[in-house]
Amino acid sequence: MDEQALRQLISDVEHKRLSRRDFIDKMVAVGVGAPLAAQMLTHAGVAHAQPRSDYKPTKRGGGGALKLLWWQGPTLLNPHFAVGTKDQEGSRIFYEPLAGWDPEGNLVPMLAAEVPTAQNGGLSADGLSVTWKLKRDVRWHDGKPFTADDVVFNWEYAADPATAAVTIGSYSNCKVEKIDSHTVRVRFQKPTPFWADPFVGVRGLLIPKHLFEAYKGAKSREAPTNLKPVGTGPYKFVDFKPGDMVRGQINTDYHLANRPHFDTIEMKGGGDAVSAARAVLQTGEFDYAWNLQVEDEILKRLEAGGKGRTTVTPGGNIEFIAINFTDPWQEVEGERASLKTRHPLFSEAAVRQALNLLVDRGSIQEHIYGRTGLATANFLNNPERFRSKSTKWEFNVDKANQILDAAGWKRGADGIRAKDGKKMKVVFQTSINAPRQKCQAIVKQACQKAGIEMELKSITASVFFSSDVANPDTYTKFFCDLQMFTTTMTQPDPELFMDQFCSWQASTKENKWQGRNITRWRNDDYDKAFRAAENELDPVKRAALFIRMNELAIENHVVIPVAYRPRVAALGTKLRAPLSGWDNDMWNLRDWYREA
């Protein structure tokens, strides 16, 4: 399908000559995923019908306790500091954005009265502004009204570099103004195709101005409400033990009728993925278990227990090995892995190229992940329109040896390669999780055959994914040579997902290791492509830019993709929980219920 034909179809939808559903079906038929097709219409300002809710309860409450199991427990409850999914999810119990993303990549109003479109005047034709109308009669959990002042404050809070917010990237290139008590306008510096980033989804959870205003900037970490949230969500805060338990109770003043269904909510942290799966599928002790990074064979066996079911939700998550481009073993001006250093081994392209050949992705899929993790050569896998067709993965120990030989890395008497007095010894870390330890072992075995000595390090998940800036073992600090984890794609647009390779996002001591570029790779071509995509209003040209960005990261062996991971969760037999691959698991917690 050429560009002219695509534009004609979009025009047909806009003028009601073609339905949204028929448009999406036509796009899927030519290889464009449903989320991207929906985004094309959104970018073009075409209004979409309110997604249908399957929520059945006819009254608020009465559902008893909702028991959730997150084997990585949250360590804080301020969404602007949530460096990991666990903290985002813990915050999502209490806080809400203006809108969230449904499974098809459509926006669903949460605190917004409606989704902005060209038809309702919400989207400007020049791509420079979006106007949000807010729901009225919404109150914070302490009874204070939610207004435009809160929305403007969240922009000021996150955009202030002294706050050191993880969300700064979503708010630093725009200005937010109050139009009236329940209307705000977001003004962008340049034409912005993906306008649904500030105040939307994972990056858009809103905190109350009246409780955080005194802690904006350098005092941001001192706010008591960082650990005792006061939000607008369906459940009110009761208790929090970092890394262990979050408790909430029904918000009887919630702004949506007959919601929520449950009287209390518990989010239990700790343990491991297998025990979490067992607690839902086999024993029925819990209603829901998150992120089941469990061997597929084990999941199938547990499902036979009859107490629950496994769900596999398509999205864009990727399990990958990150390669450190700085020296984690050298300290410069009090900082390890400083941008002023270069990695003693991985600064050489040949070493990274060889390492890429030593990851047996086929065996990892076949023997570990099955349906829950598919071998891939791409970092960006979905929506399909953004997936590169030119990348390929290969497992070849002989070729890796040839590359290292040609690069001058010679084997010593101990079989370990060395060059210019540097031994080829690396530390490879990840969180404690059976599939990950098996993946580590597979990689180590291949590396040994190539003359690379590899020390494996496994860190408790609650420590590895901690937001604690004093913890040296967090994945954001990356104080080792290689590390493996999953990064989540929480929007159907790849802009936020791909900013983790931008030079300005490098994780450093100065930004309290909140930068999303953990490898600390810096590349001018990548930065230019990203900046161009930020302002490219043509969806076809924009897709090409993101494809090129993925290829730059793969060609330079910045990361080694291991497996594309659909989201895998366990639900009790009677639990009904609308899940989306483009937002948090609890993006629509207000619609969770248990059938009688």
Side-chain angles (χ1 to χ4, degrees), residues 169 194 315-326 337 339 342-343 345-359 361 364 373-395 400 403 428 430 443 475-476 478 481-508 515-534 536 541-565:
F194 187 57
N317 298 354
I318 180 74
E319 178 86 358
F320 69 103
I321 297 171
I323 297 176
N324 203 335
F325 275 68
T326 57
L339 293 178
R342 299 177 69 210
H343 195 279
L345 305 181
F346 299 141
S347 56
E348 186 174 342
V351 177
R352 303 195 305 274
Q353 183 183 2
L355 187 65
N356 183 59
L357 292 164
L358 296 171
V359 179
R361 286 167 256 213
I364 289 171
L374 308 178
T376 180
N378 287 312
F379 188 80
L380 177 59
N381 288 276
N382 274 329
E384 187 174 350
R385 179 69 174 177
F386 296 109
R387 187 186 310 156
S388 173
K389 305 297 190 295
S390 65
T391 56
K392 295 180 180 179
W393 63 267
E394 180 183 6
F395 175 63
I403 291 171
F428 178 21
T430 189
V443 175
Y475 77 105
T476 59
F478 197 2
D481 305 296
L482 301 166
Q483 65 179 3
M484 181 172 60
F485 60 98
T486 287
T487 191
T488 56
M489 187 173 176
T490 53
Q491 297 170 334
D493 184 276
E495 185 172 309
L496 172 63
F497 187 71
M498 296 302 286
D499 82 344
Q500 57 195 296
F501 298 113
C502 295
S503 61
W504 56 86
Q505 281 283 0
S507 179
T508 64
R516 284 168 46 79
N517 182 351
I518 294 168
T519 66
R520 305 178 180 98
W521 174 64
R522 290 169 289 171
N523 181 281
D524 288 342
D525 289 339
Y526 189 96
D527 289 350
K528 289 175 183 176
F530 186 89
R531 287 304 192 199
E534 282 184 307
E536 179 54 70
K541 293 178 181 177
R542 192 163 179 270
L545 286 166
F546 281 113
I547 289 171
R548 182 56 188 148
M549 282 181 246
N550 173 78
E551 290 172 351
L552 281 169
I554 298 305
E555 290 166 2
N556 285 278
H557 306 295
V558 182
V559 293
I560 303 173
V562 175
Y564 155 62
R565 289 187 58 209

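As the structure is a prediction and not an experimental result, all values here were calculated from the model.
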Tell me, do Phe497 and Thr487 make a side-chain contact under 4.5 Å, heavy atoms counted? yes
Atom CZ of Arg522: over 12 foreign heavy atoms under 6.0 Å: no
Mind checking the CG-CD spacing from Leu358 to Gln353? Nearest 0.5 Å is all I need. 11.0 Å
pair Val359-Trp393: side-chain heavy atoms closer than 4.5 Å: no
With sequence neighbours left out, write down each residue that passes side-chain hydrogen bond (donor to acceptor under 3.5 Å, both in side chains) with Asp481, or none if nothing qualifies. Trp329, His343
Interatomic spacing from CD in Gln483 to CD1 in Ile518 - rounded to 0.5 Å: 6.0 Å
Taking the side chain as everything from C-beta on, heavy atoms only, tell me whether Asn550 gets closer than 4.5 Å to Met498. yes
Between Met549 and Ala529 the two heavy atoms that sit nearest each other are CE-O, 3.6 Å
Do you know which two heavy atoms are closest between Ile403 and Ala354, and how far apart they sit? CG2-CB, 4.3 Å
Closest approach of Asn317 to Tyr564 (non-hydrogen atoms, all atoms of both residues): O-CD1, 3.4 Å
Looking at Asp527 and Ser503, would you say the former's side chain and the latter's main chain have a donor-acceptor pair under 3.5 Å? yes
Mind checking what makes salt bridge (Lys or Arg N to Asp or Glu O under 4.0 Å) contact with Arg352, not counting sequence neighbours? none
What distance separates Cys502 SG from Trp521 CH2, expressed to the nearest 0.5 Å? 9.0 Å
For the residue pair Asn378 / Thr391, report whether a side-chain donor-acceptor contact shorter than 3.5 Å exists. yes
For the student: nearest non-hydrogen atoms of Phe478 and Ala337, plus distance: O-CB, 4.4 Å
So which heavy atom on Ile318 is nearest to which on Ala563, and how close? CD1-O, 3.4 Å
Val443 side chain near Val562 side chain, heavy-atom distance below 4.5 Å: no
Could you give the distance from OG1 (Thr326) to CZ (Arg520), rounded to the nearest 0.5 Å? 4.5 Å
Keeping Asn324 on the side-chain end and Leu482 on the backbone end, is there a donor-acceptor pair under 3.5 Å? no
Check ring-ring contact (aromatic ring centres under 6.0 Å, His included) between Phe501 and all other residues, then give those that pass, not counting sequence neighbours. Phe379, Tyr526
I want to check something: taking the side chain as every heavy atom from C-beta on, are Arg542 and Asp493 in contact at a cut-off of under 4.5 Å? yes
Nearest 0.5 Å, what's the CG-OG1 distance between Asn382 and Thr376? 9.5 Å
Tell me whether Thr488 contacts the main-chain N or O of Thr490 through its side chain, where contact means a donor paired with an acceptor under 3.5 Å. no
Arg516 backbone acceptor or donor facing Gln505 side chain under 3.5 Å: yes
Could you tell me which non-hydrogen atom of Pro561 sits nearest to which non-hydrogen atom of Ala377, and how far apart they are? CG-O, 3.5 Å
Does any part of the side chain of Met489, heavy atoms only, come nearer than 4.5 Å to the side chain of Leu380, both counted from C-beta? yes
How many angstroms lie between atom CZ of Phe194 and atom CD of Glu536, to the nearest 0.5 angstrom? 16.0 Å
How would you list, by chain and number, every residue that makes a ring-ring contact (aromatic ring centres under 6.0 Å, His included) with Tyr475, sequence neighbours excluded? Phe464, Phe465, Phe485
Applying salt bridge (Lys or Arg N to Asp or Glu O under 4.0 Å) to Arg531 and not counting sequence neighbours gives Glu534
Between the main-chain N or O of Asp525 and the side-chain N or O of Arg548, is there a donor-acceptor pair closer than 3.5 Å? no
Taking the basic N atoms (NZ, or NE/NH1/NH2) and the acidic carboxylate oxygens, is any pair closer than 4.0 Å for Glu348 and Arg342? no
Is there side-chain contact between Ile323 and Thr519, with at least one heavy-atom pair below 4.5 Å? no
Report the C-alpha distance between Asn517 and Trp504 in whole Å, list the side-chain angles of each, state the deciding distance to 0.1 Å, and finish with yes or no for side chain to side chain contact (heavy atoms under 4.5 Å, CB included). CA-CA 8 Å; Asn517 182 351; Trp504 56 86; over 6 Å; no
Residues that Arg361 engages under salt bridge (Lys or Arg N to Asp or Glu O under 4.0 Å), provided they are two or more places apart: none
